[in-house]
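Here is the structure we will look at, set down as structure tokens.
Keep in mind the model is a prediction, meaning the values are calculated, not measured. Only this structure's heavy atoms are used, side chains among them; waters, hydrogens and symmetry mates stay out.
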There are 2 protein chains.
Amino acid sequence: MEAQAYSVFLRRLLSRSPLGEQERDAIAALHATPERIAANRDIVRPGEHRDHACLVVKGLAARFDQMRDGQRQLVAIYVPGDMCDLHSVPVDFTGWGLQTLAPSIITRIAHTELREAIAQHPEIGMVFWRDTVADGSILAKAVANVGRRRAQPRLAHLLCELGVRMELAELGTRTAYPLPATQVHLADMLGLTAVHLNRTFRKLKPEGVSMAAGEVRIESWHRLVETAEFDPAYLLLPIELAHRLGEGASTA
Amino acid sequence: MEAQAYSVFLRRLLSRSPLGEQERDAIAALHATPERIAANRDIVRPGEHRDHACLVVKGLAARFDQMRDGQRQLVAIYVPGDMCDLHSVPVDFTGWGLQTLAPSIITRIAHTELREAIAQHPEIGMVFWRDTVADGSILAKAVANVGRRRAQPRLAHLLCELGVRMELAELGTRTAYPLPATQVHLADMLGLTAVHLNRTFRKLKPEGVSMAAGEVRIESWHRLVETAEFDPAYLLLPIELAHRLGEGASTA
DNA sequence: CGTATCTTTGACGCAGTTCAAGGAAGGTGG
DNA sequence: CCACCTTCCTTGAACTGCGTCAAAGATACG
């Protein structure tokens, strides 16, 4: 695995699990095939049979479900360091699709190699399982967010989550981070129409929230956390980390 | 583990993974503490530290997320045979809560024992991981269902899913199965109000769908599948099984 | 047999959708 | 470097699905 891919992936894993020398080496030794992919391309089509997993190295990807009329719901978003279909290791046929949102670099790793690494180092199996659980926890929160929050807090919650995740990925701070997605993408994540998302954004502007040129800027983290009822517990980060994140951001 | 718990749990696992003699024996040897719990009791409170997992033997349970005003969103529903917080094995602090919907029998199994079983039989680890992936896939579908479907198809989709899962659990057929939940519970699952859920139910009645005395009855499976745009692929069942389920039910 | 819980119905209001069109921004080729 | 074109953003006006409030029936349970 080349340096950049290894670095972002390891950072993601370490945010939830300690890892020994041997395990790190085993992960570094995985063969990866990086690929440059344009925005809005399908990486995995629903129903496909998979023999490798995908790691987002750069850019942005999403897992989606498609209605018969072509309408898409983006059910999960993946930032650099996320292995966006680690799921496919234990279940090699998919019920979901994956697409890029922005021009991205995606790296493929064969299931055979991943399974081999798990067989050699059982702890890696546990780390991957834990990663899947974190993914599920974020999905569960998304159900609640879409099911029980109005547009404004719903968008606020998404922006809070992405802030924390981007900060963990060291791509920015939670109050100023890159988000190379369109408003249509955000609407498809939140179960809203693009028109209404746009209006919702405008209502958040007085609160000091803006998105321009693919960059989110949040003036008052506390205010946004408040309107979102955001509690990072569901990200399943170890307590020290969660605590650090729970505190006010640079600009409180 | 006593016979009933073993039988329902094994059925669930086998629906997605083959299991050898040894692995079955290891699962049978787990120590379980069954407990009778009334309806609408919290089994796990959000944020709790866990040292054992819960298996639904009888009744109905749900994973929920709670808003600050007390409103709940039920993000996942668990039928007999489901290990409703297998997640807690790799991540022993919770971001979620669990509650019963109906009077239930819940069995507790210590994490130490589960981890031991995995260490002895790596295949069990893979089976559990696979189970977690299936759970996540159902969550992903729930996001799409709540985010992108109107009340009527949304309810239809839930009823289809529960039909298939109840049939797998051998508690009924997909067109006639027990559902010991109130309309308020269903509304909390679907991100609707109880009032609107009730009206939606009435609109489905002409299509031959009814719920009375805790029993769902579906006259035309095909019609319901059609209005729900239901495709069972996301349940991640092996192809033979999925195929059998894909066909028309007893009453087509 | 009485009380608590659950279901059903009506009237009204609003958040979010739909349809439609104008404006900004960014990329490409001449 | 400008003209053009595509994609994305923004705004307005009218419509509607679902929420809210309120109250009356039904059902189950002790």
Side-chain angles (χ1 to χ4, degrees), chain A residues 38-41 60 67 69-74 99-103 145-158 178-206 209-217 227, chain B residues 38-41 59-60 67 69-74 99-103 145-156 158 178-206 209-217 227:
Chain A
N40 291 306
R41 289 278 183 291
L60 212 55
M67 309 288 121
D69 64 2
Q71 220 186 156
R72 283 187 178 187
Q73 170 74 32
L74 305 184
Q99 65 163 108
T100 53
L101 300 184
N145 198 30
V146 172
R148 282 289 177 234
R149 267 193 263 267
R150 301 281 154 143
Q152 219 168 313
R154 199 187 295 181
L155 173 58
H157 197 278
L158 179 65
L179 185 60
T182 67
Q183 292 193 1
V184 177
H185 290 143
L186 296 182
D188 282 345
M189 263 179 252
L190 294 171
L192 297 170
T193 55
V195 171
H196 197 66
L197 183 93
N198 184 283
R199 290 182 173 128
T200 307
F201 243 124
R202 196 146 37 80
K203 277 192 205 155
L204 278 181
K205 247 168 213 160
V209 176
S210 67
M211 183 167 107
E215 276 260 339
V216 172
R217 298 199 155 270
T227 72
Chain B
N40 292 306
R41 289 277 184 290
L60 212 55
M67 309 288 123
D69 64 0
Q71 219 186 157
R72 283 187 178 188
Q73 169 74 33
L74 305 184
Q99 66 162 106
T100 53
L101 301 183
N145 199 29
V146 172
R148 283 288 176 235
R149 268 194 263 266
R150 302 276 152 149
Q152 218 169 313
R154 198 186 297 181
L155 172 58
L158 179 65
L179 185 61
T182 67
Q183 293 193 1
V184 177
H185 290 143
L186 296 182
D188 282 344
M189 263 179 253
L190 294 171
L192 297 170
T193 55
V195 171
H196 197 68
L197 183 95
N198 183 284
R199 292 187 169 123
T200 306
F201 243 124
R202 195 149 36 82
K203 277 193 205 154
L204 278 182
K205 246 168 213 159
V209 176
S210 68
M211 182 167 109
E215 277 259 339
V216 173
R217 298 198 156 272
T227 72

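In this entry the distance linking NE2 of B/His196 with C1' of C/dG16 reads 13 Å, nearest Å. Summarising the geometry, the separation between CG on B/Asn40 and C1' on C/dC6 is reported as 11 Å, rounded to the nearest angstrom. The distance from atom CG of A/Leu155 to atom P of C/dG16 is 12 Å, rounded to the nearest whole Å. Between the CD atom of A/Glu215 and the P atom of C/dG26 there is a distance of 14 Å, given to the nearest Å. B/Arg149 has its CZ atom 16 Å from the P atom of C/dT17, to the nearest Å. The interatomic distance linking B/Leu197 (CG) with D/dC18 (P) rounds to 11 Å, in whole Å.
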Between protein and nucleic acid, restricted to nucleotides 25-30 of chain D and to nitrogen or oxygen atoms under 3.5 Å apart, what atom pairs and distances do you find?
none

Just the atom pairs and distances: protein N or O near nucleotides 11-13 of chain D's N or O, under 3.5 Å.
unit_1 : atom_1 : unit_2   : atom_2 : d
D/dT11 : OP2    : A/Arg202 : NE     : 2.5
D/dG12 : N7     : A/Arg199 : NH2    : 2.6
D/dG12 : O6     : A/Arg199 : NH2    : 3.3
D/dA13 : N6     : A/Arg199 : NH2    : 3.3

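Proximity of a side-chain donor or acceptor of A/Arg41 to a complementary backbone N or O of A/Thr100 within less than 3.5 Å is not detected. Distance alone, capped at 3.5 Å, places no donor-acceptor pair between the B/Arg148 side chain and the A/Gln71 backbone. Between the A/Glu215 side chain and the A/Leu179 main chain, no donor and acceptor come within less than 3.5 Å of each other.
Under the rule for a side-chain contact (heavy atoms from CB on, under 4.5 Å), the partners of B/Val184 that lie at least two apart in sequence or sit in another chain are B/Thr182, B/Asp188, B/Ala194. Qualifying salt bridge (Lys or Arg N to Asp or Glu O under 4.0 Å) partners for B/Arg72, counting only residues two or more places apart in sequence or in other chains: B/Asp42.
Between A/Lys203 and A/Leu155, the closest side-chain pair of non-hydrogen atoms is not below 4.5 Å. Here the side chains of B/His185 and B/Leu74 are in contact, with some heavy-atom distance below 4.5 Å. Counting heavy atoms from C-beta on, the side chains of A/Leu186 and A/Leu192 never come closer than 4.5 Å. The side-chain heavy atoms of A/Arg149 and B/Met67, taken from C-beta on, include a pair separated by under 4.5 Å.
The two atoms that bring A/Asn145 and A/Pro153 nearest to each other are OD1-O, 4.3 Å, heavy atoms only.
Listed by residue number, A/Gly191, A/Leu192 are the residues of residues 180-192 of chain A with a heavy-atom contact under 4.0 Å to DNA chain C.
Sorted by first and then second residue, the pairs that involve residues 190-202 of chain B and meet side chain to side chain donor-acceptor pair (under 3.5 Å), not counting sequence neighbours, are B/Gln183-B/Asn198.
If you check every strand for non-hydrogen atoms under 4.0 Å, A/Ala151 touches sugar and phosphate atoms only.
Nearest-nucleotide mapping onto DNA chain D: of A/Arg150 and A/Met211, the residue sitting toward the 5' end is A/Met211.
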